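In what follows, a single structure is set out as structure tokens and then discussed.
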Amino acid sequence: MSEIVRFSVSLEDDLLEQFDKYCQQGKLATRSEAVRQLIREKLTQQAWESGSAEAAGTLTLVYDHHRPQLHDRLTEVQHDNTDLVVSTVHAHLTHELCLEVIILKGPADKLQAIASRLSGLKGIYKADLVMASAAEGETHSHD
Ligand code: NI
């Protein structure tokens, strides 16, 4: 378990005002919580670039149910990557639209790659990958 360390930050008052608005809008309880979240996001993002970090995430896809072979292609890519795909939830949104949420876990660069492959298929209307670090020692502390 990591120890909590305090440090002080100097910044312009107008920047702090904007930051407080950001905290309010994001419903963040304290400035500390917001700073922690931003630091974590930045470090996680940096680790993605190196590709070495263990990550977990969700890929949300909205797609055309009537597009020939799209559903088969989506399933095929997932079957080819069972080491990365943890689980899939499918919802039939309307007569034409499907929503699929794919839970992924593995090296960040591989998650990015499979997400690009799936998102790039013809007939996908919306694709959104959200990733979080799944590496040891980066657990969240609540206080
Ligand atoms: Ni469906």
Side-chain angles (χ1 to χ4, degrees), residues 1-7 9 11-12 14-143:
M1 197 64 196
S2 348
E3 208 174 303
I4 301 291
V5 180
R6 283 176 188 276
F7 68 100
V9 176
L11 75 167
E12 294 80 2
D14 56 337
L15 187 59
L16 182 61
E17 204 177 301
Q18 286 178 50
F19 182 63
D20 283 340
K21 265 189 205 150
Y22 165 84
C23 295
Q24 279 167 16
Q25 282 163 0
K27 306 259 188 286
L28 292 150
T30 61
R31 285 176 180 159
S32 290
E33 188 52 44
V35 169
R36 275 197 290 271
Q37 205 177 86
L38 290 170
I39 291 174
R40 234 180 256 122
E41 269 173 31
K42 197 67 201 169
L43 293 178
T44 310
Q45 192 190 336
Q46 200 180 48
W48 299 154
E49 284 155 22
S50 76
S52 60
E54 187 70 9
T58 57
L59 176 66
T60 301
L61 301 171
V62 175
Y63 64 92
D64 181 354
H65 168 68
H66 295 301
R67 185 93 192 184
Q69 275 111 50
L70 178 55
H71 185 263
D72 289 348
R73 288 289 300 133
L74 285 170
T75 307
E76 198 179 295
V77 173
Q78 293 180 64
H79 273 278
D80 288 345
N81 293 276
T82 50
D83 53 329
L84 303 174
V85 177
V86 177
S87 181
T88 304
V89 178
H90 185 102
H92 313 295
L93 287 185
T94 66
H95 194 67
E96 292 87 24
L97 289 177
C98 289
L99 170 80
E100 201 153 296
V101 179
I102 303 164
I103 300 176
L104 302 164
K105 190 173 182 296
D109 55 343
K110 288 193 174 178
L111 300 195
Q112 294 273 16
I114 187 178
S116 305
R117 243 183 106 188
L118 291 163
S119 310
L121 294 172
K122 285 209 172 75
I124 304 278
Y125 292 134
K126 184 174 168 53
D128 194 15
L129 175 66
V130 176
M131 287 212 288
S133 173
E136 294 285 343
E138 295 201 20
T139 48
H140 191 106
S141 79
H142 291 274
D143 56 351

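Just so you know, ligand 1 is whichever comes first in the structure, and atom 1 is the first atom listed for that ligand. These figures come from a predicted structure and were not determined experimentally.
- When distances to the Ni ion (ligand 1) are checked against a cut-off of 2.8 Å, Cys98 contributes an N, O or S atom below that limit.
- Within the 2.8 Å limit, His71 places no N, O or S atom next to the Ni ion (ligand 1).
- If you check the side chains of His90 and Glu100, you find a donor sitting under 3.5 Å from an acceptor.
- At a threshold of 4.5 Å between non-hydrogen side-chain atoms, the residues Asp20 and Arg31 count as touching.
- A 6.0 Å sphere centred on CD of Gln69 holds no more than 12 heavy atoms belonging to other residues, nucleotides or ligands.
- Two residues are said to be in side-chain contact when any heavy atoms from C-beta on lie closer than 4.5 Å; Leu74 and Ile124 meet this criterion.
- As for His92, its N/O/S atom nearest the Ni ion (ligand 1) is the one called ND1.
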